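See structure below.
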Amino acid sequence: MKILYFAWMRGKTGIGEEDVSPPETVTDVAGLVAWLKTRGPGFEDAFSDMKVVRAAVNQEFVELDATIGPNDEVAFFPPVTGG
Amino acid sequence: MKILYFAWMRGKTGIGEEDVSPPETVTDVAGLVAWLKTRGPGFEDAFSDMKVVRAAVNQEFVELDATIGPNDEVAFFPPVTGG
Amino acid sequence: MIRVQKEDFDLATELSALSAGNHNIGGITSFVGQVRDMADGEHVGAMTLEHYPGMTEKMLEQIDAEANKRWPLEASLIIHRYGRMEPGEQIVLVACASPHREAAFEACHFLIDWLKTKAPFWKLEEKDSGAAWVDARESDADATAKWDKGDA
Amino acid sequence: MIRVQKEDFDLATELSALSAGNHNIGGITSFVGQVRDMADGEHVGAMTLEHYPGMTEKMLEQIDAEANKRWPLEASLIIHRYGRMEPGEQIVLVACASPHREAAFEACHFLIDWLKTKAPFWKLEEKDSGAAWVDARESDADATAKWDKGDA
């Protein structure tokens, strides 16, 4: 599973992109977030306030209950500020 | 008094601009229109439907009851269609 | 700023001049109206815009001042052409620059809506059936009226 | 049409290409967003726009398609830049061409409002107090919501 982090999420996790293999019990975005948070204080910090975290699966915005699988591309980022 | 006609008002009256000296009884735009209509069939025709005639005195839109004097510039034209 | 002219205009040149060196501008909204080749289902070969020199400038100044009174603009511009124009040619440009996009959009929309019913221009279209003066549209009066605030 | 690029763009060139030869276009509304030198009362020396390559294009295509579904447009364009930009530089261009001005205005306004909350871009501002990611604004979410029709 490919994970991407943007803006200050990248700053806090310290990485922009990684390949991960979460346990089989992780079947949705919320589960993935819970698992990612166990990987260190940077991740714990990045996901500490989910109100300011947005997620996309395969480049489409999703809610936290969206299901995910091993071949998905999951991205985390703050609310967008372009334009 | 200077009178200007634009668009099809100019076509119907046959003139774009003229200097006139209406009788002293003409004190507002409505009175001027009534007097102008006596000057020939072209004028009669131009002012036959006042719903599609607009007036300006000294380059400001006015209603028919606007007062006018000998030194005013009065213009008649259809509703505008620019832009 | 307003301008009434026979000549065509270059949008990029005009907008560059409008915002030159002003770094408080966050957005510029512009509208360009151009000649269509169809009107009421009939082909239009060209059209001629007549106007009332003197009153045109006066009205455009008033409209421009009103927009600047209603919205926080850093700059605004109205250019309106007169004379004969063919399909595809530019007729009018209105543009508003503001720190914020909402003001830029609303003021620009306001300018063209007001101009449509308050600036003394008249269009004569050259159709296959002959030359005809364009009738004012009810929808333009409605568009102007929507900006009324009781004080206009 | 949409484009995501590092390079600056020339408004007149883009709009000319957009309307070239199409004589059914009666109006073109455009909006250009540019970098301001102030944010929250602090001086901004420059800013860097980060984006999500792939998703950006996908979202802009969706937004552009939605505008064309809602309004009768002859042409539309979104250009969004990424990378580092200084005050006064152009960030984004949205433009809509239509036979009628109302459609051109509304569709253009819609494009920039939707883009503000749906296109994956993030601004990092270089302020005197240091570099800081810009917070999303409530007003942008409100501006997007006003275009909701229940089917969005």
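Letters go in sequence order (proteins before strands), and every chain restarts at 1. Note that the structure is predicted; figures quoted are calculated from it, not measured.
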* To do: Return yes when atom CD of D:Glu138 has more than 12 non-hydrogen atoms of other residues, nucleotides or ligands closer than 6.0 Å, and no otherwise.
  => no

* To do: For atom CG of D:Asp128, decide whether the heavy atoms of other residues, nucleotides or ligands shown that lie under 6.0 angstrom number more than 12.
  => yes

Relative to chain C, which of [options] shows the most heavy atom pairs under 4.5 Å?
options: D:Ser19, D:Pro99, D:Ala104; value: D:Pro99
options: D:Leu11, D:Ile112, D:Ile91, D:Ile25; value: D:Ile25
options: D:Pro87, D:Ala97, D:Cys108; value: D:Pro87

Residue selection (most heavy-atom pairs with chain D, distance under 4.5 Å) from [options]:
options: C:Gly26, C:Ser139, C:Gly88, C:Ala12; answer: C:Gly26
options: C:Thr29, C:Ile28, C:Asn22; answer: C:Ile28
options: C:Glu14, C:His100, C:Glu86, C:Glu89; answer: C:His100
options: C:Gly27, C:Ser30, C:Gly33; answer: C:Ser30

* Asked: Going by an N to O cut-off under 4.0 Å, is there a salt bridge joining D:Glu102 and C:Lys146?
  -> yes

* Parallel, tilted or perpendicular: which describes the rings of D:His109 and C:Phe105, with under 30° parallel and over 60° perpendicular? -> parallel

Using heavy-atom distances under 4.5 Å, tell me whether [X] contacts chain D through its side chain, its backbone, both, or neither.
X: C:Asp10; answer: side chain
X: C:Asp113; answer: both
X: C:Ala143; answer: side chain
X: C:Val92; answer: neither

* Asked: Heavy-atom distance under 4.5 Å to chain C: side chain of D:Val94, backbone, both or neither?
  -> neither

* Portion of D:Leu15 that has a non-hydrogen atom of chain C nearer than 4.5 angstrom -> side chain

* With the side chain counted from C-beta on, respond yes when C:Arg101 and D:Lys116 share a heavy-atom pair under 4.5 Å apart, and no when they do not. => yes

* Residue pair C:Asn24 / D:Asp37: nearest heavy atoms and the distance that separates them -> N-OD1, 4.4 Å

